[in-house]
Amino acid sequence: MTENVVHLHKSADPPAGENAPTVLTVVPDVPPARLVPLWVRSGRAVKTAATHERTKTGVRAVARHGLYTFNGGRIVARRTWDGRTGARYERMLRAAEAAGNFEVAEEWEERLQRFREARHRRRMDLLHSPVEAAKGVAVGTGMGIGTLVALGVVMAINNGDVKDVITPLAATIDFIALLIRIVQIVWGPALTIGPFLALLALWAVGSKQQAAPQWALPANARSSEGEPITPSIVVKALRDLGIPALRNAIKEMGDAGASMLGPITIAGCGVEVDVTLPSGVSTNEVQNKRRKLAENLTRHEYEVFITIPQAARTVRLWIADSGALDEPIGPSPLVTDETMTADYAKGRAPWGQDLRGDAAAISLYQRHLLITGLSNQGKTVALRSLALWLSLDKSVQFLMGDLKGVGDWAMFDGLATTLIQGPTDEHVIQVTEMVEGAVDEMNRRLQASPGTQFPPLIVLVDEAQVAFMCPVKDEDKRPYGGSKSNSRYFMAVRKIHNQGRAVNVLMWQGTQDPTDQNLPKLVREGAHTRASLALGTESQARMALGDKAVDGGAAPNLLRPGLDRGTLVVASDGIAIPAGQSSITVRTHYIDDDGAVAITDRAKAMRDGVTTLHAIERGEEHDPLADIAAVVGDAPRVRTKDVLARLATRNADAYGGWSFIDLKRVLDDVGAEPYKSDGVMVVARDRVARALANRDGSASDAG
């Protein structure tokens, strides 16, 4: 049984008077929801109804169809005005003048003049037409009546009844009366239905042109993903960028805003078009609106690239087909063509494809290289593919340091003279000493007689940021990392950048997430070829590629981490870049570990055999004959200059200053003297091995 509870409330309006008694009202206990004022509950209901999806859909539908009709009327009126006046010709004339195309302007002016002359003739004809029409009606009526009477006479003669003379005339009068009666019956409904039919016609025109705002269109109409790029779409996208000067200029040009556009050409997996901007609009204003422009073109931001060609006041738009950049490119020619070889001096490495779908090949001749990007974006694969191509030139020598140490470069064991793999401080020390050994080799080459030709020596360090960030110091308190004048790795790289190119000693580096700490300015600016994968910020993009490339449209910071893996923005004179641009975007071929092993196996088969060092020997006793035997390896014979180069790489302190005379002296003493083969001096493996065996045998007998 429910217990009744009452509450006492003071009356809201007590009786008048100072001493009036307080009036108490008994109010039964009710749930709190029922105590909410009626106007509050009504407001909530109205708000719910107003924000309901069905209400929004209904409002959009009403607005859409109303605007279809209204804008359809505007379109019809505009078409009628264009057809009755010279407005179309005048718009085309102004557009041609604005574009500076005066020949086309003269042609449109002639067309406008012909249109005005024809219109004048029509108007003059209208002045005389009433009289001519009256004469024509009189003559026609007289001839018609005469014809009917003549026909009646013939009928009367034939039938023998004189009344048949007026029979044709009476039938004609009855027919005219019938037509008048039909018009009288139809006229009333036609006046009622006619406006509705006219509105329906205007609605049809507006509906066909989608003449309503985007918010009012249905979902399937608003989604135009993959819509083909046409001049009108590009002009509309530019007009809606929110740049007043551009919008006003296009508005003045009317429908002829497409005169700003060059030809829209197919370019790989997209299209390309040059846009000549009107006076008062700068190219960087359009560049800064890249996202809005892409959305206006129904594309994602990463599917639209804006570059600055050579022509003044012009931007070049490359617009990808929707979703095309998510499709992989084909395999590398290094994998598919087993007969491919490389030429360091004259050849170009097949790196991938540009956005137009053309092959992107790069020259590595006497160019220091830097590749950077966020982690796990394909940096090592992109760098390794260049080294794989260059390995197919048997004259090229490699010194490699992999400061990640997970085996990405293991296939170069037996191909590189030195291969150090590992992430520890000890590995950084080894890599630093390897680079310093390359500096010694560079100095030896620089001091050689003029005209001496040296084989290419590629000093490659992957994950170079580990070296720059290393805190360890040597016994003289000199840091291995850092960017000061006493930093060993930094100074060694700088020396190679300064003078190595002249004697074919080149520095290649791969690094992550560039900052001033892990990639000093002097080092990154010393690279001739700079490439970047996806980065986080524009400031990092400037560090990776330089201000000129970024100001010219390069934007690796707009690449999608993970989705655009292997896509590089490259700034280099070693790759074909369209005229007027400072960079090019390359989608690199992916070569997996198995493919890389197959390529290096082919490269090893082309060489005489290389003994790879996995550590740098420091201050140890050395045996020249044993070292010569080690660098000769399994090859039947090796040219003396190659032996000298390998010895200098093996132990720069001991052999960095050696000449042919020093090598000949050691070999002559043990009866393994060099000799000529095909016109060049060589060292024979068998002679060195026999001399080493005889020496070891003599030592054991003496013991």
Side-chain angles (χ1 to χ4, degrees), residues 267-268 270 272-275 282-294 299-311 314-320 325 351-356 358 360-363 367-374 377-379 382-383 509-516 519 521 523-561 563-588:
E272 192 173 72
V273 58
D274 283 358
V275 181
S282 63
T283 54
N284 65 335
E285 288 182 280
V286 177
Q287 280 185 304
N288 294 336
K289 298 278 188 176
R290 175 180 172 183
R291 173 174 292 184
K292 192 169 187 178
L293 177 62
R299 295 294 191 272
H300 297 290
E301 184 178 12
Y302 65 85
E303 293 178 322
V304 175
F305 288 80
I306 305 174
T307 53
I308 310 299
Q310 199 166 7
T314 302
V315 294
R316 178 167 295 159
L317 307 181
W318 184 85
I319 307 160
L325 293 183
W351 212 4
Q353 294 180 359
D354 62 16
L355 294 178
R356 299 175 62 91
D358 299 330
I362 184 169
S363 172
R367 290 178 176 88
H368 302 302
L369 175 67
L370 172 65
I371 298 181
T372 187
L374 297 178
Q377 298 304 306
K379 168 180 54 62
L383 183 61
Q509 294 183 98
T511 182
Q512 290 183 17
D513 198 12
T515 65
D516 282 328
L519 187 59
K521 180 179 180 181
V523 169
R524 59 181 186 252
E525 291 185 350
H528 302 98
T529 295
R530 298 167 71 172
S532 176
L533 296 111
L535 289 173
T537 64
E538 182 180 324
S539 62
Q540 289 180 324
R542 292 183 181 276
M543 290 180 186
L545 300 176
D547 291 336
K548 179 180 178 182
V550 175
D551 291 338
N557 53 301
L558 296 181
L559 295 173
R560 301 165 298 166
L563 297 177
D564 288 327
R565 185 179 289 112
T567 299
L568 284 164
V569 182
V570 185
S572 172
D573 61 351
I575 192 169
I577 296 178
Q581 295 180 203
S582 57
S583 66
I584 187 172
T585 301
V586 177
R587 303 174 69 197
T588 58

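These values consider heavy atoms only, across backbone and side chains, with no hydrogens, waters or symmetry-generated copies.
In this structure, T588 contributes its side chain and G566 its backbone to a donor-acceptor pair below 3.5 Å. A distance-only check finds a donor-acceptor pair linking the side chain of R524 to the backbone of L519 [under 3.5 Å]. Here the side chain of T372 pairs no donor or acceptor atom with the backbone of S532 at under 3.5 angstrom.
Residues L374 and L535 share a closest heavy-atom pair of CG-CA, 3.9 Å. V586 approaches A360 most closely through the heavy-atom pair CG1-CB, 3.8 Å. Minimum heavy-atom separation, R565 to G378: CG-N, 3.9 Å. In this structure, G552 and S582 approach most closely via the heavy-atom pair CA-OG, 3.8 Å. A pairwise comparison of heavy atoms in I577 and S572 identifies CD1-O, 3.3 Å as the closest pair. L370 approaches A527 most closely through the heavy-atom pair CB-CB, 3.7 Å.
For the atom pair D274 CG and R316 CZ, the distance stands at 4.0 Å (nearest 0.5 Å). How far NZ of K289 is from CD1 of I306: 11.5 Å, rounded to the nearest 0.5 Å. Atom NE2 of H300 is separated from atom CG of L563 by 10.5 Å, given to the nearest 0.5 angstrom. Residue L369 holds its CG atom at 11.5 Å from CZ of R530, rounded to the nearest 0.5 Å. Going from atom CD of Q353 over to atom OG1 of T585 covers 13.5 Å, rounded to the nearest 0.5 Å.
Seen from the ring of F305, R290 counts as a face-on cation partner, given the 6.0 Å and 45° thresholds.
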Practice task
Could you walk me through whether L533 and I371 pass side-chain contact (heavy atoms from CB on, under 4.5 Å), step by step?
Solution key: CA-CA 8 Å; L533 296 111; I371 298 181; 4.0 Å; yes

Handout entry: Chi angles and distances behind the side-chain contact (heavy atoms from CB on, under 4.5 Å) call for V570, W351
Key = CA-CA 11 Å; V570 185; W351 212 4; 4.0 Å; yes

Exercise for the section: Please step through side-chain contact (heavy atoms from CB on, under 4.5 Å) for the pair V523 and Q509, ending with a clear verdict. Expected result: CA-CA 10 Å; V523 169; Q509 294 183 98; 3.3 Å; yes

Handout entry: Chi angles and distances behind the side-chain contact (heavy atoms from CB on, under 4.5 Å) call for V275, V286
Key = CA-CA 10 Å; V275 181; V286 177; over 6 Å; no

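Considering only residues two or more places apart in sequence or on other chains, T283 meets the side chain to side chain donor-acceptor pair (under 3.5 Å) condition with none of them. With sequence neighbours excluded, the residues satisfying ring-ring contact (aromatic ring centres under 6.0 Å, His included) with H528 are H368.
Among T307, D354, V569, the one residue that satisfies the side chain to side chain contact (heavy atoms under 4.5 Å, CB included) test with I584 is D354.
At a threshold of 4.5 Å between non-hydrogen side-chain atoms, the residues D573 and R367 count as touching.
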Enumerate, atom names and distances included, each donor-acceptor pair closer than 3.5 Å involving a side-chain atom of residues 539-547, sequence neighbours excluded.
from : atom 1 : to   : atom 2 : distance (Å)
S539 : OG     : T537 : OG1    : 3.0
Q540 : OE1    : G536 : N      : 3.0
Q540 : OE1    : T537 : N      : 3.4
Q540 : NE2    : D513 : OD1    : 2.3
R542 : NE     : E538 : OE2    : 3.2
R542 : NH1    : D547 : OD1    : 3.3
R542 : NH1    : D551 : OD1    : 3.1
R542 : NH2    : E538 : OE2    : 2.9
R542 : NH2    : D551 : OD1    : 3.0

